[in-house]
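See structure below.
Please read these numbers as outputs of a predicted model, since none were measured by experiment. Start at 1 with the first residue, then count along the sequence.
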Amino acid sequence: GRSLLDGLEVDAAAMRRNLDAAGFAASERLLSALAPVLGKHRAQARLQELLASARSEGIGLEEAARAADDVGEALDASLIADVFEAVDTGSSVAMVDEVLARAATARAGEDDGWP
């Protein structure tokens, strides 16, 4: 059988550029800043609205957040700046490698056929 990931090539530098350009890597940080002010569920909904708006308008999340009056009222400018300062993805590559290794080990013990 064919592996789902056969032939997969990851361009980590391109992924980083895309995340940085859109500002989407900071979405969890924005959620963490909004939740205490708006409440967890409203903050999650508002984040989804901001992400959708950013995508549809072809702008980054930071620009969408700064343009949103309610976000500006909820968070002061210095907190917004902190949210969107460079996000360190840390050991993401190592974590992905570990998940793939565990998946390969688990698959090695399975039948090749699909039910």
Problem set entry | Results of salt bridge (Lys or Arg N to Asp or Glu O under 4.0 Å) for E49 - residues two or more places apart only | R42, R46
Exercise. Are side-chain heavy atoms of L30 and L50 found at a separation under 4.5 Å?
Worked result: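 When only atoms from C-beta onward are counted, L50 and L30 do touch, with a gap below 4.5 Å.
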In Å, rounded to the nearest 0.5 Å, how long is the span from [atom1] of [X] to [atom2] of [Y]?
| X | Y | atom1 | atom2 | result |
| --- | --- | --- | --- | --- |
| S32 | L47 | OG | CG | 10.0 Å |
| I80 | E62 | CD1 | CD | 8.5 Å |
| L31 | Q48 | CG | CD | 9.0 Å |
| R66 | L75 | CZ | CG | 10.0 Å |

Any idea which heavy atoms bring [X] and [Y] closest together, and the distance?
| X | Y | answer |
| --- | --- | --- |
| S78 | D76 | OG-OD1, 2.7 Å |
| A74 | L38 | CB-CD2, 4.4 Å |
| S27 | L51 | CB-CD2, 4.5 Å |

